[in-house]
Amino acid sequence: RLDPLRIGWAGLAGLLLAVAGAQGQLLQPPRASRSSLRPGAAEHAAQFDHVFNGTVNRGTERLYSFNYTSQAGQADALRVTVKSDSKDDQYPVLFVVRQQKGVLSWQLPLIFHGLYQRNYNYTEVSRTLCPSESVPMNGSSEQIVFINVASMAPYDAHYQLQVTKIKNFQLSMDTTFTFTASPSQPQYFLYQFPPDVDSVIVRVISKTIYPCSVVSIQDIVCPVYDLDYNVEFNGVYQSMTKQAALTVQKKDFPSKQFFVVFVIKPEDYTCGSSIPPSIQAIIFSLLMVYACVFFLGTVYIHAILFSFLTFFSFYLGALVVGFVHHSMLVYFVGPGTMTSSHPITASTPEGSSYGAIDESNSSGGQELSTLDRRPPCGSDTDSSVEEESDFDTMPEIESNKNVIRTKMFLYLSDLSRKDRRIVSKKYKIYFWNIITIAVFYALPVVQLVITYQTVVNITGNQDICYYNFLCAHPLGVLSAFNNILSNIGHMLLGILFLLIVLCRDLLHRRSLEMKDICAMEYGIPKHFGLFYAMGVALMMEGVLSACYHVCPNYTNFQFDTSFMYMIAGLCMLKLYQTRHPDINASAYSAYASFAVVICLAVLGVVFGKNVWFWVLFSIIHVVASLGLSTQIYYMGRFKIDLGIFRRIAIVLYTDYIQQCSRPMYMDRMILLVVGNLVNWSFAIFGLVYRPRDFASYMLGIFICNLLLYLAFYVIMKLRSSEKLLPFPLFCIVATAVVWAAALYFFFQNPSSWEETPAQSREKNRPCILLGFFDDHDIWHFLSAAALFFSFLVRFFLITK
């Protein structure tokens, strides 16, 4: 039929031939602009699911209208699919979709700009139109959509147009379905919160090798940002290759519904793949979406109670052990005489020389007795005690350090000749210094991670932080509260260890005040300053690990390991100080060494890919091992200066070339040879493989050296006929068992900042404990317990 229309602003009249189908009308205005078309020009809706073929040029354009009725309680969505055989990007075919509340437009060929001036052209585009708003339950509404096709080409440009209704546009709880997408054919779906659900986790799985995709959660706002260059403009989003998971809370969406948007990137640079562009441009993705109940408020309460009760049970166990120990002392020794016992004499057979002070071989025992008879008695913190630097407590006129420390058979009294109160005060500097370091180190860390979390919340970019998104429970502004809560064990057990050390310190002071001869002149000298520092370091490890897990990523991983270096170093210093109380490193030099280690760790993070850094680090590692071994072997009496190489050459020539001599200190030599072999192996491994996780590599060096030295300490105790008491033996077994279990969960790796965010999400796993904690959280629990038992081993092995 013919329908006369007035077209153009010049008042020209013409006839427009409209080819009308059963459900629609096609308009062909000659040389008319789209703005000159009257809104009422199309009176009937075009047919859905029908493929319209046509041509447009500079003087011809097409207008289609589609009418449909929205039923009560549902949101309808339409999908427009267009194709064109024109590949001329100078004269693209333009498509403009007009709806009630918005306009959507694109062109064919659709061009995406990649890196290095690389362009990707697509001749087929499929877009979902912004859905109509759901109408009241007792009503319906009429909707109309106009699609205008035009081109400025001087020739006929062919196109195809098809509009379909999306059948499964709204996601359902616990429902899985599949769909396809490509860079030019994004998809998005609607999800509405049920009344009894506060939060959901949306999980996306791709079973194809490629592509690199972006999954976005956006509020119900039109237009929907569903193209590669604008998907990051709204909501929260993640990049993915094989899987992604986004946690969505109802409180963040006033309308109680949101869009789940899927965009395929034209190239895989973001996800870290090396697929050639020619392949990337044609691959489609098969995805599955899960929408499920994520948490209820009671889950948080149960998780918090579980965490605190688990570690408060250690407090209960400590009380029980302390009560049993006190009861046994009262039963076997008798009340009022506990301090007169002789634990070293009772547990060390006659002739032992590794544990006890032998007064017959040096004057050390007499010197201690003389010093301890001075008033006041046994006060380690008394302000009247002179500083070590005020006078020399070992006058060279009475004894020579070179003579005493280079004896073939050393006794503990040879290495414990300084006033006990002065030495104890020296070691308490470790405690006060580590508190100062903790405050100045932790405050900038807290400020930085708060900034990270704020940026994540504002921008919605969830590629900044490497969470296990399948088990990330948000709370307030925190995105993964479970990873932070699981570090509570380090703090609680650190406080418990400090209380245990304080109790033993007070008992020792009481023994000194009562003039107990065993506490004053027998056994290993008891100095608790390093133990206090170890307890603070354990607490700070929990604090900094929690800070790191606020937003774990490549740039702040050293926060999680810095105090682990200190813990390992303090444990080695404490083992050495036990048998060498007079020649141990001062707090200032020890913490300066830890500062150098942390600087190396930071440099390793920054320059870890540079082979010259590894060459330099390996050289420093080997030279430091040799220098430290020399100091330990000669008890600090080997002077390190420019003439050291000449002296080393003389020793090697006279002892091993001119004549084959047996090492003077065989036990120390065996330990140092094994230690150097271990450290050289680490240096070679680092130089060959250059692990990206340099902080963990450094931590492995410290832990291996610590275990080696602890094993040597225990072996030497047994060689010297000293006994391992039941409780230290129990702690050794418990430490080994708990560490084995902890390391199992540590190597599960539910995420990894060594890879791209999308590759890291391939390792994400669901929660395995209480529906709240993942493998890494269990590692936090077990590692805290393992460190606590390790501290108890050193504490009771040394002080018993």
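Put simply, the residue from Phe481, Tyr467, Phe772 that forms a ring pair (Phe, Tyr, Trp, His ring centres under 6.0 Å) with His473 is Phe772. None of Asp463, Val214, Thr241 except one satisfies the side chain to side chain contact (heavy atoms under 4.5 Å, CB included) rule with Cys271; the exception is Thr241.
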Show your working on side-chain contact (heavy atoms from CB on, under 4.5 Å) between Glu232 and Asn461 and close with a plain yes or no.
CA-CA 8 Å; Glu232 301 175 0; Asn461 183 4; over 6 Å; no

* Asked: How far apart are the C-alpha atoms of Gln187 and Arg79, what are their side-chain angles, what is the distance that settles it, and do they pass the side-chain contact (heavy atoms from CB on, under 4.5 Å) test?
  -> CA-CA 9 Å; Gln187 297 268 17; Arg79 189 163 182 82; 3.4 Å; yes

Starting from the C-alpha separation in whole Å, work towards a yes-or-no answer on side-chain contact (heavy atoms from CB on, under 4.5 Å) for Phe258 and Val200.
CA-CA 11 Å; Phe258 57 85; Val200 297; 4.1 Å; yes

Q. Please walk me through it: do Tyr188 and Phe169 pass side-chain contact (heavy atoms from CB on, under 4.5 Å)?
A. CA-CA 8 Å; Tyr188 65 87; Phe169 179 70; 4.0 Å; yes

Query - Trace of the side-chain hydrogen bond (donor to acceptor under 3.5 Å, both in side chains) decision for Thr81 with Glu124 - result: CA-CA 7 Å; Thr81 302; Glu124 181 177 358; 5.9 Å; no

Margin query: Apply salt bridge (Lys or Arg N to Asp or Glu O under 4.0 Å) to residues Arg765 and Asp774 and explain how you reach the verdict.
Written below: CA-CA 7 Å; Arg765 295 188 182 94; Asp774 62 8; over 6 Å; no

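Within the 4.5 Å cutoff, the side chain of Ser199 has heavy atoms near those of the Thr247 side chain. Residues Asp228 and Pro266 have side chains in contact (heavy-atom distance under 4.5 Å, counting atoms from C-beta outward). Residues Ile264 and Phe262 fail the side-chain proximity criterion, which asks for heavy atoms closer than 4.5 Å. Taking 4.5 Å as the limit, every side-chain heavy atom of Glu762 sits out of range of all side-chain heavy atoms of Glu755. Counting only heavy atoms from C-beta outward, the side chains of Tyr191 and Phe259 never approach each other to under 4.5 Å. Residues Leu485 and Tyr300 have side chains not in contact (no heavy-atom distance under 4.5 Å, counting atoms from C-beta outward). In this structure the side chain of Tyr64 never reaches within 4.5 angstrom of the side chain of Val163, judged on heavy atoms. No side-chain heavy atom of Tyr237 sits under 4.5 Å from any side-chain heavy atom of Val263.
A side-chain N or O of Tyr452 and one of Thr555 form a donor-acceptor pair less than 3.5 Å apart. Side chain to side chain, Asp49 and Thr164 fail the donor-acceptor criterion of an N or O pair below 3.5 Å. Between Ser752 and Glu754, the side chains place no donor N or O within less than 3.5 Å of an acceptor N or O (distance only, hydrogens not considered). Side-chain polar atoms of Thr60 and Asn57 form a donor-acceptor pair below 3.5 angstrom.
In terms of modelled atom types and a separation under 3.5 Å, the side chain of Asp775 and the main chain of Pro750 share no donor-acceptor contact. Gln218 contributes no side-chain N or O that, together with a main-chain N or O of Val261, makes up a donor-acceptor pair within less than 3.5 Å. Under a 3.5 Å cut-off, the side chain of Gln462 and the backbone N or O of Val236 do not form any donor-acceptor pair. With hydrogens and angles disregarded, no donor-acceptor distance shorter than 3.5 Å links the side chain of Gln170 to the backbone of Gln192. A donor-acceptor pair is defined here as one N or O able to donate and one able to accept, closer than 3.5 Å; such a pair exists between the side chain of Gln238 and the backbone of Ala245. Looking at Ser105, its side chain never comes within 3.5 Å of a backbone N or O of Phe95 through a donor-acceptor pair. Of the possible polar contacts, one joining the Asn556 side chain to the Asn553 backbone as a donor-acceptor pair under 3.5 Å is found. Lys763 places no side-chain N or O within donor-acceptor distance of the main-chain N or O of Gln748, the cut-off being under 3.5 Å.
The two residues Asn121 and Pro109 come nearest to each other via the heavy atoms CB-CB, 4.4 Å. Heavy-atom minimum distance, Val56 versus Val93: CG2-CG1, 4.2 Å. Across every non-hydrogen atom of Leu129 and Ala77, the tightest pair is O-CB, 4.4 Å. Across all non-hydrogen atoms, the minimal contact from Ala244 to Val215 is CB-CG2, 4.2 Å. Looking at every heavy atom in both residues, Leu104 comes nearest to Thr128 through CD2-O, 4.5 Å. The shortest heavy-atom contact between Val550 and Pro552 is C-CD, 3.9 Å.
In the displayed structure, Asn168 atom CG is contacted under 6.0 Å by at most 12 heavy atoms of other residues, nucleotides or ligands. By the neighbour-count criterion of 12 heavy atoms within 6.0 Å, atom NZ of Lys165 is densely surrounded, having more than that number from other residues, nucleotides or ligands. Within 6.0 Å of OH in Tyr155 there are more than 12 heavy atoms belonging to other residues, nucleotides or ligands.
To the nearest 0.5 angstrom, Arg98 atom CZ is 10.0 Å from Ser65 atom OG. The CZ atom of Phe193 lies 10.0 Å from the NZ atom of Lys256; values are rounded to the nearest 0.5 Å. A distance of 11.0 Å separates OG in Ser486 from CZ in Phe306, rounded to the nearest 0.5 Å. If you take NZ on Lys83 and OG on Ser184, they are separated by 10.5 Å, rounding to the nearest 0.5 Å. Here Met240 contributes atom CE and Gln759 contributes atom CD; the two are 12.5 Å apart, rounded to the nearest 0.5 Å. Taking SG from Cys471 and CG from Asn483, the interatomic distance works out to 7.5 Å, rounded to the nearest 0.5 Å.
Among residues two or more places apart in sequence or in another chain, the side-chain hydrogen bond (donor to acceptor under 3.5 Å, both in side chains) test is passed with Tyr554 by none.
The aromatic rings of Phe48 and Phe66 sit tilted relative to each other, their planes meeting at an angle between 30° and 60°. Ring geometry for His776 against His549 counts as tilted: the plane angle lies between 30° and 60°, on a 0 to 90° scale. Ring-plane geometry between Tyr229 and Phe112 is classed as tilted, the angle between the planes lying from 30 to 60 degrees on a 0 to 90 degree scale.
Separation of the Phe745 and Phe781 ring centroids does not fall under the 6.0 Å cut-off.
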